[in-house]
Protein chains: 2
Amino acid sequence: MPRPTKQSPERGSARIRLLEAARDIIRAKGFAATTVDDLCRTAAVTKGAFFHNFGSKDALGIAAAEFWAETTSGFFAAAPYHDPADALERVLAYVAFRKAIIAGDLAEFTCLVGTMAQEVYASAPDIRDACGRSIFGHTATLEADIEAARRDHGITDDWTAESLARYTQAVIQGGFILAKAGNDPALAQESLDHLDRYIRHLFHVAEDDTDEWSH
Amino acid sequence: MPRPTKQSPERGSARIRLLEAARDIIRAKGFAATTVDDLCRTAAVTKGAFFHNFGSKDALGIAAAEFWAETTSGFFAAAPYHDPADALERVLAYVAFRKAIIAGDLAEFTCLVGTMAQEVYASAPDIRDACGRSIFGHTATLEADIEAARRDHGITDDWTAESLARYTQAVIQGGFILAKAGNDPALAQESLDHLDRYIRHLFHVAEDDTDEWSH
DNA sequence: GGATACATACCATACAGTCGGTATATGTCA
DNA sequence: TGACATATACCGACTGTATGGTATGTATCC
């Protein structure tokens, strides 16, 4: 446990390391079951550093949600699913990408803000709202592609891009719950296969005709 | 707070009342943030009664998941969505029923075992597994109708009844997360509209031609 | 020399869990 | 039928500790 020394270039990174620890531990144990000492131990910092950077445990929860929003938006912005010229292909590539990154341990790919929002719904409204902003901020990034795909494909059916973007999130989040409940990541992937089929239906395209991503 | 007296016919109901309190409080605050004292206060029993009926807080968590499985399976077994003679109509009626019971406060209609499984995934595997049994036990009750509908409609596409039953749960659970994150029950209902459309697609039936259940 | 970024010892309390006691029901044997 | 024993279902004061948070000191940077 090489704690950063005073001279170390890592100096000042206590905040980031605590946020990373929060991300990892809360996803596995939940917010309430994660103690400040847990976080300090994992981040290899002291309690003084914790309460210097965050005024309270709840404040860390909010900061963790915001940190999640920042890092994931960077991650998704850099992802290859934006490459296709066709908007619908980008949407389907997003779903395929979400499926592809489901690998390894459950606590590594499940959604921090989905877990927290669910858990602290009534006990910590501030954290819950921060989680909400993260989730709906992410759905908003999908909306433009979905809207463009609607236009390109001349879709006029009575569903909105906003609604489908949210539904996509719901399927992903629900898949995570099943995966956790059944302790099997494949359950999350299975949901995305259905979502892919649904989106193709909405845009009247045949299955598996844009690219290859099933077994 | 009329606590049951020694002579009261309510005698022996402490266990049930604690389980009901657990159901309500955990759905709002999460498992870890719910204290034994919270539960005793709400159930109007003493700590002695709590630890007489449950050996530990974790044991109550498991019992609460099992209680949830029992009561919800009774509730759904008695629900009117089983009435239609046609299997597909029963499946669609299930989705409509799930949408219809979304009313009132969020903590009243969201899923206890979905919330708990997500939260205690790594910190309390026994509780998580009890939640898993409840969730997948419920999906199993849908499977028969889906399978019958597949047969009746001559569907041979490469999805299974089991998989669609699980997907249905994923959509419902995911809808709950969005509803909590956005503090708006309509977000959960919206997901069920998409699910309805998807299922009709899978069975090649037009939208809204079997009954009325929108808005 | 002041602000920032920690470190460390300490504190108050909330928490899960314990333990000795009590009231009631049920069984049993004379 | 009644006395006694046993088991069940609680009651509520107590406890050890874990936990969130604080207070004070110190090194480094600007």
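Naming convention: chains lettered A, B, ... in sequence-line order (proteins, then strands); numbering from 1 in each chain. Basis for what follows: all heavy atoms, side chains included, without hydrogens, waters or symmetry-related copies.
- Out of C/dG17, D/dG20, D/dC10, the shortest distance to the side chain of B/N53 is found at D/dC10.
- Regarding B/D37, its CG atom lies at a distance of 14 Å from the P atom of D/dC11, rounded to whole Å.
- The side chain of B/T46 sits closest to D/dG12 out of C/dT18, D/dG12, D/dG21.
- A/D38 and A/K29 are joined by a salt bridge, as a carboxylate oxygen and a charged side-chain nitrogen come within less than 4.0 angstrom of each other.
- Side-chain atoms of A/V45 lie closest to C/dA7 of the nucleotides C/dA7, D/dC11, C/dG17.
- One can place NZ of B/K57 at 15 Å from P of C/dT18, the figure rounded to the nearest angstrom.
- Proximity of A/W159 to B/D193: side-chain heavy atoms (C-beta onward) are nowhere separated by under 4.5 Å.
- Here D/dG12 presents its C1' atom at 15 Å from CZ of B/R41, a figure rounded to the nearest Å.
- Ring pair B/Y198/B/Y167 is perpendicular by interplanar angle, where above 60° counts as perpendicular and below 30° as parallel.
- B/L39 places its CG atom 12 Å from the P atom of C/dG17, with the value rounded to the nearest Å.
- The separation between A/D58 atom CG and D/dG21 atom C1' is 13 Å, rounded to whole Å.
- When the C1' atom of C/dC15 is taken as reference, atom CD1 of B/I25 falls 15 Å away, rounded to whole Å.
- In this structure, of C/dG17, C/dA7, D/dG20, it is D/dG20 that holds the atom nearest to the side chain of A/T35.
- Using a 4.0 Å cut-off between a side-chain N of Lys or Arg and a carboxylate O of Asp or Glu, B/R197 and A/D158 qualify as a salt bridge.
- Residue B/K47 places no side-chain N or O under 4.0 Å from the OP1 or OP2 atom of D/dG12.
- Atom CZ in A/F50 sits about 13 Å away from atom P in D/dT19, given to the nearest Å.
- Both A/F51 and A/A33 lie near DNA chain D, and the one whose nearest nucleotide falls closer to the 5' end is A/A33.
- Phosphate proximity of C/dA5 to A/H52: present, with a side-chain N or O under 4.0 Å from OP1 or OP2.
- The 5' end of DNA chain D is approached more closely, in terms of each residue's nearest nucleotide, by A/V36 than by the other of A/G48 and A/V36.
- Between the CG atom of A/L18 and the P atom of C/dA7 there is a distance of 10 Å, rounded to whole Å.
- A salt bridge does not link B/D129 with B/R133: none of the charged nitrogens is closer than 4.0 Å to a carboxylate oxygen.
- With D/dC10, C/dG17, C/dC6 as the candidates, the nucleotide lying closest to the side chain of B/A49 is D/dC10.
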